[in-house]
Structure formats: C-alpha cells, structure tokens
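Worth knowing before you read on, the calculation uses all heavy atoms, side chains too, and leaves out hydrogens, waters and symmetry mates.
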Amino acid sequence: MDAMSAGSRDQPLESGEPAADSVRRKSRRSRRRKGERGLEKDSEMTMLEESMSKQELQDLQQAEECLKRDCIYKLRKRPRRYPTAAYSCKLCDIFLETIASAHKHIKERRHKKHVTEKEEEQLLITLPPPDVPQIEVIELAIEKVVQEVGLNNEDRKS
C-alpha cells in the first residue's frame with residue numbers, strides 16, 4: 001500500500017515504501033506531462049485548421065456561429081477531465097467532441113428544455129413593470145373574486 005492509497009498523507013509509511021517526497025515528485029511530473037500533451041492536442045487542432053481550405057474554414061466558422069446561438073461554444077483550452085472535448089454546452093454543462101455530436105445534442109429533449117427555460121427567463125427579465133391602469137384592473141378583479149367567494153380581509157392578507 002503506498003502513501004496515496006493509505007487515505008491520508010499524514011499517516012506514516014510502511015517499510016519498503018518510497019518516501020512521500022518521491023511520490024509527490026512523480027505525480028507532479030506526470031501532471032506536467034499531461035499538461036504538455038493537452039497543449040500538443042490544442043496545437044494539433046490549430047494545425048488542422050491551418051491545413052483547411054478557405055471554404056472549409058468558412059464552413060467551420062459558420063457551423064460554430066450556428067452552435068453559439070444554441071449556447072454551445074468552442075473551447076479555448078481543453079479541460080483535463082475531458083481531453084477530447086472541443087465544445088461546451090453552457091446550458092446543459094456538458095462537453096462535446098465534434099460538431100456532429102453538438103448538433104445531435106441540440107436535438108435532445110434535455111437541451112431543448114434548457115433553451116425554453118432560458119427564453120422564458122429572458123422574457124421575464126425584459127417584461128416592463130405593470131402600468132397604473134393595469135394595476136387598477138388587477139385590483140378590481142381581486143375585489144370581485146373576494147366578493148364572489150366571500151373572503152374577509154384576514155383571508156386576503158394571508
């Protein structure tokens with residue numbers, strides 16, 4: 001059992017185990033290597049984009065603009081947990097690998113639900129407050145209901 005799997009870093013090491021410092025150094029090195037690999041993949045993407053024709057680049061940019069309307073954005077930096085991800089849906093909080101998978105995600109019920117929720121929220125934010133005549137009409141309607149149902153002032157307040 002090594003120091004990391006023992007559950008706590010403060011527990012003493014058993015005989016024959018490497019020192020805690022060497023365990024930490026190894027994990028730091030591997031992290032650096034993973035980070036370097038991530039940079040290589042990002043540079044591979046830019047090299048791939050550079051090798052595309054102007055028409056292909058325009059098509060790619062047009063597709064990405066279309067995805068932005070549905071709250072799916074191209075990642076500037078790939079996350080460690082999802083090194084193959086190229087896009088992210090901000091509404092659903094998921095990562096997507098390709099434009100095709102992004103289009104498939106847009107058609108899913110969960111994404112559509114989040115889009116309608118966002119649209120409703122935007123509508124409520126942009127609604128102007130009611131005018132005085134509207135408030136008066138609402139008050140009259142409430143008074144009419146109170147008279148029909150027979151509620152008293154205590155019922156109206158609660």
Side-chain angles (χ1 to χ4, degrees), residues 1-11 13-14 17-139 141-142 145 158:
M1 181 185 292
D2 65 15
M4 299 306 275
S5 64
S8 169
R9 292 182 183 168
D10 298 332
Q11 291 181 350
L13 297 173
E14 296 177 11
E17 292 183 349
D21 291 338
S22 65
V23 171
R24 286 190 188 126
R25 272 191 225 120
K26 285 181 182 178
S27 63
R28 285 183 187 154
R29 278 189 219 127
S30 64
R31 282 187 200 140
R32 258 186 251 129
R33 287 185 193 131
K34 286 180 185 175
E36 291 167 1
R37 279 189 224 130
L39 292 175
E40 289 171 2
K41 286 184 180 180
D42 289 339
S43 63
E44 286 174 15
M45 283 295 289
T46 55
M47 288 173 47
L48 179 65
E49 289 175 358
E50 289 174 0
S51 66
M52 293 178 155
S53 68
K54 286 184 180 181
Q55 182 62 41
E56 290 172 326
L57 272 175
Q58 281 181 329
D59 291 344
L60 178 65
Q61 289 172 346
Q62 191 175 20
E64 288 175 352
E65 286 298 318
C66 182
L67 292 175
K68 282 182 185 178
R69 283 184 243 133
D70 287 305
C71 298
I72 296 177
Y73 299 94
K74 184 175 183 179
L75 294 172
R76 292 183 185 147
K77 186 177 178 182
R78 295 183 184 220
R80 280 186 185 172
R81 288 185 130 180
Y82 305 99
T84 58
Y87 300 93
S88 170
C89 177
K90 300 294 182 187
L91 292 177
C92 304
D93 195 29
I94 63 167
F95 295 102
L96 305 156
E97 294 183 10
T98 63
I99 291 177
S101 63
H103 283 291
K104 182 178 176 184
H105 171 70
I106 289 169
K107 295 175 184 174
E108 291 176 355
R109 187 180 341 153
R110 177 177 63 160
H111 182 78
K112 288 180 180 180
K113 179 183 171 193
H114 285 117
V115 168
T116 55
E117 287 174 357
K118 181 184 175 191
E119 289 171 352
E120 289 172 356
E121 185 178 320
Q122 287 295 331
L123 179 65
L124 291 174
I125 290 171
T126 58
L127 276 177
D131 294 333
V132 175
Q134 291 171 328
I135 294 172
E136 290 172 356
V137 169
I138 292 171
E139 286 177 350
I142 291 172
V145 169
S158 60

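Environment of CG in Asp93: sparse, with no more than 12 heavy atoms of neighbouring residues, nucleotides or ligands closer than 6.0 Å.
Tyr87 pairs with exactly one of Ile94, Thr98, Ile99 by the side chain to side chain contact (heavy atoms under 4.5 Å, CB included) rule, that one being Ile99. With respect to Gln58, the side chain to side chain contact (heavy atoms under 4.5 Å, CB included) criterion is satisfied by exactly one of Glu56, Gln55, Gln62: Gln55.
For the atom pair CD1 (Ile106) and CD1 (Ile72), the distance works out to 4.0 Å, reported to the nearest 0.5 Å. To the nearest 0.5 Å, the span separating CD on Glu64 from CG on Asp59 amounts to 11.5 Å. Atom-to-atom distance recorded for Glu108:CD and Cys89:SG is 9.5 Å, nearest 0.5 angstrom. We find the CG-NZ distance between Leu91 and Lys113 to be 12.5 Å, quoted to the nearest 0.5 Å. The line from CZ of Arg110 to SG of Cys92 is 5.0 Å long, rounded to the nearest 0.5 Å. Here Gln61 contributes atom CD and Lys74 contributes atom NZ; the two are 8.5 Å apart, rounded to the nearest 0.5 Å.
Residue pairs that meet the ring-ring contact (aromatic ring centres under 6.0 Å, His included) test with at least one member in residues 112-131, sequence neighbours left out, do not exist here.
Across all non-hydrogen atoms, the minimal contact from Arg78 to Ala85 is CG-O, 3.5 Å. The heavy-atom pair separating Leu96 from Ser101 by the smallest distance is CB-OG, 3.8 Å. Between Lys107 and Lys112, the closest heavy-atom pair is O-CE, 3.5 Å.
Two residues are said to be in side-chain contact when any heavy atoms from C-beta on lie closer than 4.5 Å; Glu119 and Leu123 fail this criterion.
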Go through the steps for Tyr82 and Leu75 under the test side chain to side chain contact (heavy atoms under 4.5 Å, CB included), then give the verdict. CA-CA 11 Å; Tyr82 305 99; Leu75 294 172; over 6 Å; no
Does the pair Glu121 and Lys118 meet the rule for a salt bridge (charged side-chain N to carboxylate O under 4.0 Å, His left out), with working shown? CA-CA 5 Å; Glu121 185 178 320; Lys118 181 184 175 191; over 6 Å; no
